[in-house]
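Below is one structure, written out as structure tokens; comments come after it.
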Amino acid sequence: MELRLFNTMGRIQEPFVPREAGKVGMYTCGPTVYNYAHIGNLRTYIFEDVLRRTLLHAGYRLVHVMNVTDVGHLTSDGDEGEDKVIKAARERGMSVWEIAEFFTKAFFEDTDKLNIQRPEIVCKATEHIPEMIDLVKRLEERGHTYLAGGNVYYDISTFPRYGELARLDEQDLRAGARVGVDAHKRSPRDFVLWFTRSKFEHQAMVWDSPWGKGYPGWHLECSAMSMKYLGEQFDIHCGGVDHIPVHHTNEIAQSEGATGRHPWVRYWLHAEFLVMDSGKMSKSKGNFLTLSSLEEEGFHPLDYRYFCLGAHYRSQLFFSWEALEAARNARRNLIEHLSGLHPREGWEQTPLSERGEAYKREFEEAIGDDLSTPRALAVLWRAVKDEDLPPEERAVLTVTMDRILGLSLAEAIASDDALEPELLELVQRREALRKQRDFAEADRIRDELARRGIIVEDTPQGPRWKRKTT
RNA sequence: GGCGCCGUACCCAAGUGGUAAGGGAGGGGCCUGCAAAGCCCUUAUUCGCCGGUUCGAAUCCGGCCGGCGCCUCCA
């Protein structure tokens, strides 16, 4: 299939061509594990999962790397502020290491529930300090750094391409005057590569370095780890839109500054935000919802995945409970349709007719067009409801499409799974009672079956049963 | 102050120059012992507003109104 992706670098959609035929190296910015992921964070991981599944579907051999930031970043700019992980540890009475482990586990529990596949490589920042130190040394050798106030800074004036990704303009910065004041910086956009000084005690999280005991700057880990696992240049780098102006901009300066190679990354993809009526969902504002809170309201995690798939990843998506409910209904109806399909045994091997192929092509065109999941979903619906297509083909198409959508639809296509004899007997007894026009007793049995998870529907061909879906 | 995005039916949301996908919700009908499911029909002659370009615009240009994001840790 043909895949076109919107590249933030250049702001243009272009055909995806990997550096090396048949192979893709992809890096996605992972979680900072000092709190639960909120559903806005999760939206980005769902998008990245669709991309990952698409690449696999297209037949590429993929190495997907994701970091886990377990060394905290400061809460504010400059060399003051408090490390988030340390703050969380203090508040919860745990060690920093326990905090990181606890929330890493929680993160993967969420992503598992959302059918988000694990990257080939998941790497922790704290396990790659030597690589980071090495990167700073390389930058130092090439003249991109300066020492001030005990910290090592990146001197962006030595990197002419600085800000290209975000289309930053030197002049823009002045007017707003909202930039943190760090007297040591030569330019407001210079940033710290290695800290040895800060105004708070850093406890366990310090490491030796040529510049003294300290800890890495915020952007270092992604450059160091991505290059360790994917090489000095690779294909795709993803993250949320918020990373464009600072984090990814600085990553580029670090990586290309150290290697002298360009481009470090060929395709930059960014997911837009999930917003609420109170504005952007964020941990600092406290207006965030977690996957667990959705579950507490009776939603299935995949309802949320369906909800996200209903909008394009590059548009802001407005969260509301009503919209989530609509997604839940839609997903249930879809499963309902599928469980009523009853394809014949061995349907998995059914070859697609011309009509079936057309749906598949249409689906791949939608996905190939910068991952248009809303259109892909529309194609799925039309295919599933197409009476002119045999159930076997509809089942095959569903399974194929679901490999990218990840909605666990294959499970819904019950081929002839057997009903427990006891329940089957009830179904049959009820039908006999109906024939005798004893509807009161027949209805009672129908209620009992419903309690036991079986829904009976009467058709001209006799009763039909199915298992209740959640 | 600067950068950028968006405004499509009751709701969510595709479509970005050739005559409005899909889903949800609602209404009517067929079917049914009653249901359920299913099926059929139905809800935008129109895409925030005003101009312009064009044979032709929701789609391009300009202005206005409204919503949002970023420039600071952030998905």
Side-chain angles (χ1 to χ4, degrees), chain A residues 11 28-32 34 37-48 72-78 81-84 163 166-169 171-180 188-189 218 238-247 270-277 279-285 288 306-307 309-320 322-334 336-337 339-340 362 366 369 372-382 385 387 434-435 437-440 442-443 446 450 455-460 463-464 466:
Chain A
R11 314 284 152 117
T28 58
C29 285
T32 301
Y34 66 97
H38 64 239
I39 59 176
N41 298 320
L42 261 14
R43 181 188 184 198
T44 298
Y45 298 109
I46 290 171
F47 142 68
E48 288 160 355
H73 289 166
L74 303 178
T75 51
S76 72
D77 197 10
E82 189 173 20
D83 182 299
K84 287 174 177 173
R167 298 186 163 171
L168 298 178
D169 187 338
Q171 266 69 33
D172 300 347
L173 204 54
R174 312 296 150 84
R178 289 181 66 198
V179 180
R189 284 207 166 103
W218 325 328
C238 305
V241 284
D242 54 316
H243 280 151
I244 298 169
V246 180
H247 184 54
H270 294 94
E272 252 298 349
F273 275 122
L274 179 77
V275 294
M276 311 222 298
D277 42 14
K280 185 179 82 172
M281 186 172 290
S282 74
K283 289 169 188 167
S284 51
K285 280 168 79 177
F288 68 93
Y306 188 102
F307 171 73
L309 263 28
H312 188 92
Y313 77 89
R314 285 193 295 112
S315 343
Q316 287 182 354
L317 178 57
F318 195 88
F319 177 85
S320 71
E322 292 71 26
L324 185 61
E325 248 173 72
R328 170 171 63 190
N329 291 340
R331 194 179 73 88
R332 281 183 177 170
N333 288 158
L334 191 55
E336 195 76 14
H337 271 280
S339 59
E362 214 183 324
D369 182 14
S372 185
T373 49
R375 268 162 60 203
L377 232 33
V379 176
L380 172 65
W381 271 100
R382 278 190 282 118
K385 292 171 87 165
E387 297 288 334
R434 284 186 68 236
K435 291 229 169 79
R437 306 192 68 77
D438 183 353
F439 298 119
D443 288 352
R446 182 165 64 191
I455 294 165
V456 192
E457 293 164 2
D458 302 315
T459 75
R464 219 173 58 186
K466 63 187 173 193

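Every chain is numbered from 1 and lettered A, B, ... according to where its sequence line falls, protein lines coming before strand lines. Given the structure is predicted, the values throughout are model-derived calculations rather than measurements.
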How many whole angstroms separate atom [atom1] of [X] from atom [atom2] of [N]?
X: A:Asn333; N: B:A25; atom1: CG; atom2: C1'; answer: 11 Å
X: A:Gln316; N: B:G67; atom1: CD; atom2: P; answer: 14 Å
X: A:Leu377; N: B:C12; atom1: CG; atom2: P; answer: 17 Å
X: A:Arg331; N: B:A25; atom1: CZ; atom2: P; answer: 15 Å
X: A:Tyr313; N: B:C6; atom1: OH; atom2: P; answer: 14 Å
X: A:Glu336; N: B:A37; atom1: CD; atom2: P; answer: 7 Å
X: A:Leu324; N: B:A25; atom1: CG; atom2: P; answer: 13 Å
X: A:Lys435; N: B:U32; atom1: NZ; atom2: C1'; answer: 15 Å

- Message: Testing the basics here: between A:Asp369 and A:Arg375, what is the closest heavy-atom pair and its distance to 0.1 Å?
- Response: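 Shortest heavy-atom contact: OD2-NH1, 2.8 Å.
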- Task: Determine the minimum heavy-atom distance between A:Leu317 and A:Ala311, stating which atoms define it.
- Result: CD1-CB, 3.7 Å
Paired nucleotide for [N] [Watson-Crick or G-U wobble; both distances under 3.5 Å]:
N: B:G69; value: B:C3
N: B:U54; value: none
N: B:U43; value: B:A25
N: B:U16; value: none
N: B:G38; value: B:C30

Contact class for [X] (heavy atom, under 4.0 Å): base, sugar-phosphate, or nothing?
X: A:Pro374; value: base
X: A:Gly40; value: base
X: A:Leu274; value: base
X: A:Arg434; value: base
X: A:Ala326; value: sugar-phosphate
X: A:Arg437; value: sugar-phosphate
X: A:Glu322; value: nothing
X: A:Ala311; value: sugar-phosphate

Given the [atom1] atoms of [N] and [M], what is the spacing between them in whole Å?
N: B:U54; M: B:C49; atom1: P; answer: 23 Å
N: B:A35; M: B:G29; atom1: P; answer: 13 Å
N: B:C61; M: B:U53; atom1: C1'; answer: 7 Å
N: B:C73; M: B:G18; atom1: P; answer: 44 Å
N: B:A58; M: B:A21; atom1: C1'; answer: 14 Å
N: B:G2; M: B:C47; atom1: C1'; answer: 31 Å
N: B:G22; M: B:U32; atom1: P; answer: 30 Å
N: B:G48; M: B:C39; atom1: C1'; answer: 38 Å

- What distance do A:Leu334 atom CG and A:Leu380 atom CG have between them, rounded to the nearest 0.5 Å? 5.0 Å
- CZ on A:Phe273 to OG on A:Ser315, rounded to 0.5 Å: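 Between A:Ser315 OG and A:Phe273 CZ, I get 14.0 Å after rounding to 0.5 Å.
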Candidates [options] - which lies nearest the side chain of [X]:
X: A:Val275; options: B:A75, B:G23, B:C68; answer: B:C68
X: A:Arg189; options: B:C71, B:G24, B:A36; answer: B:C71
X: A:Ala330; options: B:A75, B:A14, B:G24; answer: B:G24

- Full working for side-chain contact (heavy atoms from CB on, under 4.5 Å) between A:Trp381 and A:His337: CA-CA 10 Å; A:Trp381 271 100; A:His337 271 280; 3.9 Å; yes
- Query: Just wondering, do A:Phe439 and B:G33 stack (centres under 5.5 Å, planes under 30°)?
  - Reply: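 Yes; centroid distance and tilt both under limits.
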Would you say [X] reaches [N]'s phosphate, i.e. side-chain N/O to OP1/OP2 under 4.0 Å?
X: A:Asn329; N: B:G23; answer: no
X: A:His270; N: B:C70; answer: no
X: A:Ser315; N: B:G69; answer: no
X: A:Lys385; N: B:G23; answer: yes

Tell me if the side-chain of [X] makes a donor-acceptor pair with the base of [N], cut-off 3.5 Å, by modelled atom types.
X: A:Asp458; N: B:C34; value: yes
X: A:Arg446; N: B:C34; value: yes
X: A:Asp443; N: B:G33; value: yes

- Ranking A:Glu272 and A:Ala378 by the position along RNA chain B of their nearest nucleotide, the one closer to 5' is A:Ala378
- Query: Where does the angle between the aromatic ring planes of A:Phe288 and A:His38 fall among parallel (under 30°), tilted (30 to 60°) and perpendicular (over 60°)?
  - Reply: tilted
- Task: Could you tell me whether A:Glu362 and A:Arg382 make a salt bridge, using a distance below 4.0 angstrom between a side-chain N and a carboxylate O?
- Result: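 Yes, this pair counts.
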- Query: Looking at A:Arg464 and A:Glu457, does any basic side-chain N land under 4.0 Å from a carboxylate oxygen?
  - Reply: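 Salt bridge present between A:Arg464 and A:Glu457.
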